[in-house]
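Structure, as structure tokens:
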Amino acid sequence: MTDAVAIVIPTLDEATTLPRLARLLAALDPPPDEVVVVDGGSSDGSAAIARELGLSVIEHHEQGRSRQINRGVDWVASPIVCVLHADTQPPDDMIAVIRRTLADPKVALAGFTPLLSGPDKVRWVTSFHNWIKTWYAPLLFRPHFFFRGVRLLFGDHAMFFRRADFLAVGGCDPGMSVMEEADLCVKMARFGRVRLVNRVILTSDRRVAAWGEWKANWTYLTVGIRWAMGLRDRLGDLYPHIR
């Protein structure tokens, strides 16, 4: 099928989020054609839990979302791929939205509009910042791309693209521990627009809850500016693993 969709889920210590995600994936209508969990060496039994939930699992013991995404995209056969984080809740018509968006040959890559939320609150300030920076970041740092219709998206956007294009640009940079999604947006711009779809997808606020709203937004801003200026060494030190 030319519009078959695979979902690639990079995981690291996601034992608590996988059961809910599996329920949401089972409710997708239409369903995805493939789903694979690429585990980066979890210590909490994530890989075993994913298998118990009926999900295909690749145990990829090299940590780093870039490497996990590359391995997952290489493994699937579907011509369209969506990279979904385990702490993100997709809408039940996600596959239809993906197919409809990429039916436009001018769109090379796209993603949903994330709304950060937790058990007690919705993070409206951070969600707004995440939305507006998809516009101001390319306008400030890559204006030639901005005026070609390119937006900078990040992992929480549940990005999707054509597998052939991803492979043609060499996939995600395996040397990047953070900002690999924005970097991919820049590389995919050679094939067309990078679009933010006007559909909300819910994602966990656990990083904001751990750091606080101000620290989280300052960290996002600092990491983004350093990446845009080419100061990419040790970016991961500014963005530690949160579980």
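All of these numbers come straight from a predicted model, not from anything done at the bench. Start at 1 with the first residue, then count along the sequence.
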For residues [X] and [Y]: do they belong to one hydrophobic cluster (side chain heavy atoms under 4.5 Å, members Ile, Leu, Val, Met, Phe, Trp, Tyr)?
X	Y	value
Ile201	Ile7	yes
Val36	Ile9	no
Val197	Trp131	no
Phe147	Val107	no
Ile98	Val76	no

Exercise. Looking at Thr17, Asp39, Asp44, which hits side-chain hydrogen bond (donor to acceptor under 3.5 Å, both in side chains) with Thr11?
Worked result: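 Answer after filtering Thr17, Asp39, Asp44: Asp39.
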Does any N or O in the side chain of [X] come within less than 3.5 Å of the main-chain N or O of [Y], such that one atom is a donor and the other an acceptor?
X	Y	value
Glu213	Thr126	yes
Arg163	Ser78	no
Ser56	Val37	no
Gln68	His60	no
Arg67	Pro174	yes

What are the two closest non-hydrogen atoms of [X] and [Y], and how far apart are they?
X	Y	result
Asp156	Pro114	O-CB, 3.5 Å
Gly171	Leu184	O-CD1, 4.1 Å
Gly111	Leu153	N-CD1, 3.4 Å
Val83	Pro10	CG1-CD, 4.0 Å
Ala137	Leu152	CB-CD1, 3.9 Å
Lys121	Asp205	O-OD2, 4.3 Å

Exercise. Passes side-chain contact (heavy atoms from CB on, under 4.5 Å), Asp29 versus Asp92? Steps please.
Worked result: CA-CA 6 Å; Asp29 185 19; Asp92 58 8; 5.5 Å; no
Return the [atom1] to [atom2] distance between [X] and [Y], rounded to the nearest 0.5 Å.
X	Y	atom1	atom2	value
His157	Leu109	NE2	CG	10.5 Å
Arg71	Glu59	CZ	CD	10.0 Å
Asp165	Ile80	CG	CD1	10.5 Å
Arg23	Arg20	CZ	CZ	8.0 Å
Trp124	Leu116	CH2	CG	11.0 Å
Ser66	Asp173	OG	CG	6.5 Å

For this session: For Leu53 and Ile49, run side-chain contact (heavy atoms from CB on, under 4.5 Å): C-alpha distance rounded to whole Å, both residues' side-chain angles, the deciding distance at 0.1 Å, then the answer.
Result: CA-CA 6 Å; Leu53 293 166; Ile49 290 170; 3.8 Å; yes
Problem set entry | Verdict with reasoning, Phe145 to Val194, per side-chain contact (heavy atoms from CB on, under 4.5 Å) | CA-CA 9 Å; Phe145 284 141; Val194 174; over 6 Å; no
Do [X] and [Y] have side-chain heavy atoms sitting under 4.5 Å apart?
X	Y	result
Trp135	Leu196	yes
Asp13	Ser43	yes
Val5	Leu102	no
Arg65	His85	yes

Exercise. Is the shortest side-chain N to carboxylate O distance from Asp33 to Arg99 below 4.0 Å?
Worked result: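 Yes, this pair counts.
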Problem set entry | Asp93/Arg199 ion pair, N-O < 4.0 Å |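 Salt bridge present between Asp93 and Arg199.
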Problem set entry | Mutual orientation of the aromatic rings belonging to Phe161 and Phe166 [parallel < 30°, tilted 30-60°, perpendicular > 60°] |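 Geometry flag for Phe166 against Phe161: parallel rings.
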For this session: May I have the step-by-step check of side-chain contact (heavy atoms from CB on, under 4.5 Å) for Phe146 and Arg151, ending in yes or no?
Result: CA-CA 6 Å; Phe146 177 85; Arg151 306 295 175 254; 3.2 Å; yes
Problem set entry | Arg51 atom CZ: more than 12 heavy-atom contacts under 6.0 Å |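 Yes, enclosed.
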